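Order of listing sets the numbers, starting from 1, for every ligand and every atom in it. This structure is a prediction, so every number in the text was calculated from the model and none was measured. One is the number of the first residue; the rest follow in order along the sequence.
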Amino acid sequence: MTQPVLPLEPATAGARNFLARSPKQLLIGGTWVSASSGRSFATVDPANGRHLADLAEGTSADVDAAVSAARAAFEGSAWRDMAPSLRGRLLWRIADTIDAHADELAELETLDQGKPLKTSRFAEIPAAAEQFRFYAGFANKILGTTIPTSITHQPAGRQIFAYTTREPVGVVAAITPWNSPLVMAAMKLAPALAAGCAVVLKPAEETSLTAIRLGELMIDAGLPPGVVNIVTGFGAGAGAALTRHARIDKVAFTGSTAVGKLIVTAAQGNLKKVTLELGGKSPVIILGDADLRLTVPGVARGIFNNSGQVCVAGSRVYAHRSIAAAVVDGLAAQAAALRLGHGLDPGADLGPLINRRQADRVAGYVTEAVAAGVEVVSGGRQTGALGTFYEPTVVTRVREDMRLMREEVFGPVVAVTAFDEPEEALAFANDSPYGLAASVWTDNLSAAHRLAARIHAGTVWINCHSYFSPELPKGGHKQSGWGYENGAQGLENYLETKTVCALI
Ligand code: NAI
Ligand code: MG
C-alpha cells in the first residue's frame, strides 16, 4: 500500500523560483523584512523530510511592528477612504491572481503540507480564491439602518433621528492551522478585508509557504501597504504575542481546542473580540435503509480525506445493526484501496500526516485502544521512511469512554459501532464535548431532518459529508468554537455596530 517516497520536484517555475528565494521574510507594512532576532526555522516536506525553505521566526518585537503597521494602515486614508466598490474589486483581483497562480500555489501547498496535488490544485486553492470572490460582493453592501424610536422627551419642535452604521472592528490577528493552510487563511482574510479591517496573519509554523506567496500576490494585486502583514513563527512566540496584544482588536483562530482556551484567557487584557474554529469528533449516523453504494464511499471520504486531518472528519460511525457488518467491510475495502504516497506522485490518494509528532499521536490512540480490546479491521500501521504516514484505519469494538472516542485524533482512523434504535445513535452522537459537524445517511426524509434537528453540531450533512461552500456558515457548537465563518455571518465577525441618535 505504501509507495516509495521519491524526492519529487515541483513542475512549475513559479514554485521552484519561490523556494529558491530562501530565507523567507516577514511582511510588515508592505515590506519584506527579517525577524528582529535574526532567527529562522526550517519548513520541510513531511513525506520525505526534504528542506523546503527557511522562514523568519517572528517574536513579540516583530508582532509589535506588524501591529503598528496594521494600525497605521487601518487608520490611513489609502484603506479607510477606499471606495467600497474598489475594495470589492481588489478582493476580486486577489481571487483572480490566486487562480492564475493555482498550479504554483498547489505545488507549494502539497510540498509543505503533504496532501495530494489533486486536492490542492482542484479543491483547496480554488476554494481560497472563491473566498475572496464571495466576500468581494459584500464590500459595497455593508449597510446600516435608520430606526424610528419611541423616545418621547424631545423639546418642542425637535425630533429624533437615529441610525446605525457598521464599522470595521479594527486590527485583526488571524491565526491559522496546518491542515488546509491557504483556504484557512483566505477564510479570515477575505471577510476581514471586505469589512475594511487590517490584518496580521500568523500562519501555522508547519505550513507557511502559501501564505507568504499570497502576501506577495496581494501586494502585486494592489493591496495598500500594511493592510495585511504576515508574521511567521511559533504559536508560543508570535501567536501568543498577538493574542495578548493590547492593540489587536480581534482574534480569528482556527486550531485545537486547547489553544482556543488559551486564547480566551489571553484576550482578557483588552477584551478583544474572539472567534474560534476548534476541534471536532464528528458523528456519522447510518440508518438501516441507507443506500450503501453512496454511503460507504461518502463516509470513507469524510474520514480519510487529507489523511483525517480535517476538523469535521467523521471519526465516529454509528451504523444500524442490520447493515453494520456491511459498513465495516465496505469501509475496510475503501481503506485498503487507498494508496499512500508523496503528494506530487499522481498515484497517491493520501499523503503523510503533517509531521512525525502527529503520526505518533495518531498511532498512540490506536495502540492504546487495541490494548483495551479494540479490533483493527484494516490499516493500523505507521509507515514511511520518516514514520509520518499512517494507514487509513477502520476499527470496531470500541467503548464510548475510550480516548479514541472522546478526543480529536486528527488522523485517518474511523470507529464503527452498531446501534438498534435511532434514539440510541443520537445519544451516542451527542455524548461529546465537541459539536462541530455530523452526517446522517438514509433515504427516509423525515428521519433525516428529525435527526438533523436534534444533533448538537454546527453543521449536519444528509447523505454527504465535508461539503463546503463559502455560502454555507460553518462553526462549532459546544467546545468546537465561538462564532461562524462563511456566509453573511462570516462578515459579522469583522464588524461593529454604531448607533447614532440625534436630536434635530
Ligand atoms: P495548534 O492549535 O497548536 O495550532 C494551530 C495554530 O495556533 C498554529 O498557527 C499555531 O502556531 C498557533 N498557536 C499554537 N499555540 C498558540 C498560542 N499559545 N497562542 C496563539 N497561537 C498559538 O495545533 P497543533 O498543536 O499544531 O495540533 C495539535 C492538534 O490540534 C491536532 O492533532 C488536532 O487535533 C488539533 N488541530 C485541529 C485543527 C482544526 O482545524 N480543528 C487544526 C489544527 C490542529
Ligand atoms: Mg512544511
Side-chain angles (χ1 to χ4, degrees), residues 41 43 46 55 57-60 63 112-113 115 124 173-185 187-188 200-208 210-211 230-245 248 251-269 272 274-282 305-315 353-365 388 390 403-404 406-413 433-437 457-459 466 468 474-476 478-482 485:
F41 63 102
T43 192
L55 311 179
E57 183 184 334
T59 54
S60 61
V63 164
D112 210 11
Q113 202 276 345
K115 68 183 71 217
E124 298 201 358
I175 302 178
T176 52
W178 41 258
N179 50 340
S180 293
L182 193 68
V183 72
M184 293 290 162
M187 280 173 75
K188 295 172 171 42
V200 181
L201 171 65
K202 208 296 283 170
E205 50 270 43
E206 298 86 354
T207 56
S208 298
T210 48
I230 302 175
V231 179
T232 47
F234 295 98
L242 278 168
T243 60
R244 64 171 181 260
H245 205 287
I248 289 284
V251 177
F253 173 75
T254 302
S256 61
T257 293
V259 170
K261 290 181 181 180
L262 291 178
I263 289 174
V264 169
T265 305
Q268 275 188 63
K272 53 178 68 69
V274 177
T275 43
L276 304 170
E277 287 272 344
L278 306 177
K281 192 73 202 167
S282 299
N305 263 8
N306 208 22
S307 301
Q309 301 168 118
V310 178
C311 54
V312 298
S315 52
L353 301 185
I354 189 63
N355 53 32
R356 177 67 192 250
R357 183 170 64 99
Q358 186 66 15
D360 287 347
R361 202 171 159 267
V362 172
Y365 280 107
T388 51
Y390 199 82
R403 280 200 325 132
L404 179 73
R406 307 221 45 96
E407 297 178 13
E408 183 175 52
V409 173
F410 229 55
V413 181
Y434 292 113
L436 191 59
T459 298
S466 284
F468 294 113
K474 169 182 183 299
K478 299 199 276 185
Q479 292 191 34
S480 289
W482 286 356
E485 294 192 306

Using heavy-atom distances, let me know which of F234, F410, W178 sits nearest atom 27 (O) of ligand 1.
W178
Taking it one step at a time, do V413 and Y365 satisfy side chain to side chain contact (heavy atoms under 4.5 Å, CB included)?
CA-CA 9 Å; V413 181; Y365 280 107; over 6 Å; no
The protein heavy atom nearest to atom 10 (C) of ligand 1 is E205 OE1, 3.4 Å
Write out the residue and atom name of the closest protein heavy atom to atom 18 (N) of ligand 1, then the distance separating them to 0.1 Å.
L262 CD1, 3.7 Å
I'd like to know if the side chain of K272 reaches the main chain of H245, judged simply by a donor and an acceptor atom lying under 3.5 Å from each other, with no hydrogens or angles considered.
yes
Applying a heavy-atom cut-off of 4.0 Å, say which part of L278 lies close to ligand 1: side chain, backbone, both or neither.
backbone
Any protein heavy atom at under 4.0 Å, with atom 1 (P) of ligand 1 as the reference point?
yes
Any donor-acceptor N/O pair, D112 side chain to T43 backbone, under 3.5 Å
no
Out of G255, G239, G411, indicate the one that has the non-hydrogen atom closest to atom 21 (N) of ligand 1.
G239
Determine yes or no for a side-chain-to-main-chain donor-acceptor pair under 3.5 angstrom, with K115 supplying the side chain and N305 the backbone.
no
Testing the 3.5 Å rule here: is there a donor-acceptor pair between the side chains of E408 and Y434?
no
Minimum-distance protein heavy atom relative to atom 35 (C) of ligand 1
E408 OE1, 3.3 Å
What distance separates T210 OG1 from M184 CE, expressed to the nearest 0.5 Å?
11.5 Å
Min N/O separation I175 to ligand 1 under 3.5 Å
no
Heavy atom of the protein closest to atom 3 (O) of ligand 1 (residue, atom name, distance):
V259 CG2, 3.5 Å
For the pair E485 (side chain) and A252 (backbone), establish whether a donor and an acceptor sit closer than 3.5 Å, ignoring hydrogens and angles.
no
Considering the options V259, V274, T243, T176, which one meets the side chain to side chain contact (heavy atoms under 4.5 Å, CB included) requirement together with F253?
V259
Hey, are K188 and T275 close enough side-chain-wise for a donor-acceptor pair under 3.5 Å?
no
I need the atoms of ligand 1 closer than 4.0 Å to a non-hydrogen atom of G279, numbered in the order shown.
41 (N)
Ranked by distance from atom 7 (O) of ligand 1, the top protein heavy atom is F253 CE1, 3.2 Å
If you have a sec, work out which protein heavy atom is nearest atom 43 (C) of ligand 1 and how many Å separate them, to one decimal?
P177 CB, 3.5 Å
Judging by distance only, is a nitrogen or oxygen of R361 under 3.5 angstrom from one on ligand 1?
yes
Per-residue contact class, E277 against ligand 1 - non-hydrogen pairs under 4.0 Å:
neither
Between T254 and ligand 1, does any nitrogen or oxygen pair lie at a separation below 3.5 Å?
no
Donor + acceptor pair across side chains of T207, Q113 (<3.5 Å):
no
May I ask you to check if ligand 1 and G235 share an N or O to N or O distance below 3.5 Å?
yes
shortest atom 6 (C) of ligand 1-to-protein heavy-atom contact is with T176 O, 3.6 Å
Could you measure the distance from the CD atom of Q309 to the CG atom of N179? Nearest 0.5 Å is fine.
7.0 Å
Nearest non-hydrogen atom to atom 25 (O) of ligand 1 belongs to which of Q309, Q358, R357?
R357
Just going by heavy-atom distances, which of A313, S256, G308, C311 is nearest to atom 41 (N) of ligand 1?
C311
Are the side chain of S480 and the backbone N or O of L278 linked by a donor-acceptor pair below 3.5 Å?
no
